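Report on the following structure.
Being a predicted model, the structure only gives us computed values, none of them experimental. Residue numbers start at 1 and run along the sequence shown.
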Amino acid sequence: MHPESTNGTSGGALAIPMAWLCAEYVADEMLRMGALVEGGSLEYRAGRETLALTIYLCDASDELAGVRAISRIEEWLNLTSYGHPWSAWVRERLDARRRERERELGGGSDPDLALAQESWRWLRQTELLAADLGDEGPWHPAAPLDAFVDECEQIWTPAWQLGLPLSHLAIHLF
């Protein structure tokens, strides 16, 4: 690895996914500080991957994602808020980033984008057992609770649907 390589795209050097790793680090710190779920659990991973994906895709530059965390918190809160079409936003941003990287790199690989796509695949394909809080989809802190919800009833839900409210709460607690 060449020491001058910081973003994984310099000629011939070992590709280091620094933007993704920084986004994941910031997400991990936010979730750990919030102490919302047990570290190492699938729920924790769902929150970390969801938040890291949000952080990474918010940063359109090739800078280290999440470095300017304080200035981006409002944007992250808006993106993870109840009712925001987060999954559609992720698909659009990943597709746009993939097209941009193909144009820039001429078909070469981007390690940051590869990790982000793998994270999105895991969040879509992994299902977690969660309390069924009604017909409105996954629970979110801003969502109204139905007065007659039986929290003992559980459903299988994609990991991102559980990770999204965890991310939102972690951002609030940060």
Side-chain angles (χ1 to χ4, degrees), residues 5-9 15-98 100-101 109-131 137-143 156-174:
S5 174
T6 59
N7 67 1
T9 58
I16 308 289
M18 291 304 294
W20 176 259
L21 292 175
C22 286
E24 199 171 49
Y25 173 78
V26 170
D28 192 61
E29 285 296 307
M30 291 179 123
L31 277 167
R32 191 178 54 76
M33 289 177 70
L36 297 168
V37 291
E38 183 74 28
S41 66
L42 284 175
E43 292 82 2
Y44 185 88
R45 181 175 178 195
R48 185 189 67 215
E49 299 293 320
T50 301
L51 187 51
L53 204 50
T54 303
I55 293 168
Y56 173 72
L57 293 174
C58 277
D59 197 351
S61 69
D62 278 339
E63 294 181 24
L64 304 180
V67 169
R68 298 179 313 269
I70 301 302
S71 66
R72 305 302 291 264
I73 286 180
E74 275 305 311
E75 183 179 5
W76 300 342
L77 279 171
N78 289 334
L79 288 167
T80 59
S81 65
Y82 181 73
H84 184 276
W86 185 84
S87 64
W89 176 81
V90 168
R91 286 189 302 270
E92 290 168 10
R93 295 298 285 249
L94 282 173
D95 287 344
R97 190 150 304 186
R98 181 186 44 76
E100 180 183 323
R101 295 304 187 250
S109 66
D110 178 358
D112 293 304
L113 183 58
L115 287 173
Q117 289 172 322
E118 177 58 28
S119 179
W120 179 232
R121 185 199 63 74
W122 184 85
L123 286 166
R124 283 189 341 264
Q125 293 179 356
T126 302
E127 291 191 340
L128 302 174
L129 193 58
W139 178 78
H140 192 278
W156 289 99
T157 185
W160 71 268
Q161 288 185 350
L162 186 61
L164 201 55
L166 283 173
S167 297
H168 191 78
L169 284 171
I171 296 166
H172 265 294
L173 294 171
F174 183 65

Supply the atom-to-atom distance Arg72 CZ to Cys58 SG, rounded to the nearest 0.5 angstrom.
-> 5.5 Å

Answer yes or no: is there a donor N or O on one side and an acceptor on the other, between the side chain of Asp110 and the main chain of Arg101, under 3.5 Å?
-> no

Interatomic distance, Asn78 atom CG to Thr54 atom OG1 [nearest 0.5 angstrom] | 11.5 Å

Once you round to the nearest 0.5 Å, how far does CG of Leu36 lie from CD of Glu43?
-> 12.0 Å

Are His168 and Ile171 side-chain neighbours, meaning at least one heavy-atom pair lies under 4.5 Å?
-> no

Rounded to the nearest 0.5 Å, what's the gap from OG1 on Thr80 to CD1 on Ile55? Could you check?
-> 10.0 Å

Heavy-atom donor-acceptor pair, Ser81 side chain to His84 backbone, under 3.5 Å = no

Flag side-chain contact, heavy atom, 4.5 Å: Leu113 against Leu94 = yes

Main-chain N/O of Cys22 paired with Tyr56 side-chain donor or acceptor, under 3.5 Å | no

So which heavy atom on Leu31 is nearest to which on Arg48, and how close?
-> CD1-N, 2.9 Å

Classify the angle between the aromatic ring planes of Trp89 and Trp86 as parallel (below 30°), tilted (30 to 60°) or perpendicular (above 60°).
-> tilted

Approximate separation, where rounding is to 0.5 Å, of Leu166 CG and Thr50 OG1 | 8.0 Å

Are the side chains of Met33 and Phe174 in touch, meaning some heavy atoms are under 4.5 Å apart?
-> yes

With a cut-off of 3.5 Å and sequence neighbours excluded, list every side-chain donor-acceptor pair involving residues 114-121.
| residue | atom | partner | partner atom | Å |
| --- | --- | --- | --- | --- |
| Glu118 | OE1 | Arg121 | NE | 3.1 |
| Glu118 | OE2 | Arg121 | NE | 3.2 |
| Glu118 | OE2 | Arg121 | NH2 | 2.4 |
| Ser119 | OG | Glu49 | OE1 | 2.6 |
| Arg121 | NH1 | Gln125 | OE1 | 2.6 |

Quick one: list whatever passes salt bridge (charged side-chain N to carboxylate O under 4.0 Å, His left out) with Glu29, sequence neighbours left out.
-> Arg32

Gap separating the OG1 atom of Thr157 from the CG atom of Leu164, nearest 0.5 angstrom | 10.5 Å

Heavy-atom pair with the smallest gap, counting every atom of Ala52 and Glu24 | CB-CA, 3.7 Å

Any side-chain donor-acceptor pair under 3.5 Å between Trp76 and Ser167?
-> no

Shortest non-hydrogen pair, Ala46 vs Leu128, comes out as CB-CD1, 4.0 Å

Partners meeting salt bridge (charged side-chain N to carboxylate O under 4.0 Å, His left out) with Arg124 (sequence neighbours left out) | none

Evaluate whether atom OH of Tyr25 has more than 12 neighbouring non-hydrogen atoms of other residues, nucleotides or ligands under 6.0 angstrom away.
-> no

When every non-hydrogen atom of Ala170 is compared with those of Met30, the smallest separation belongs to CB-O, 3.9 Å

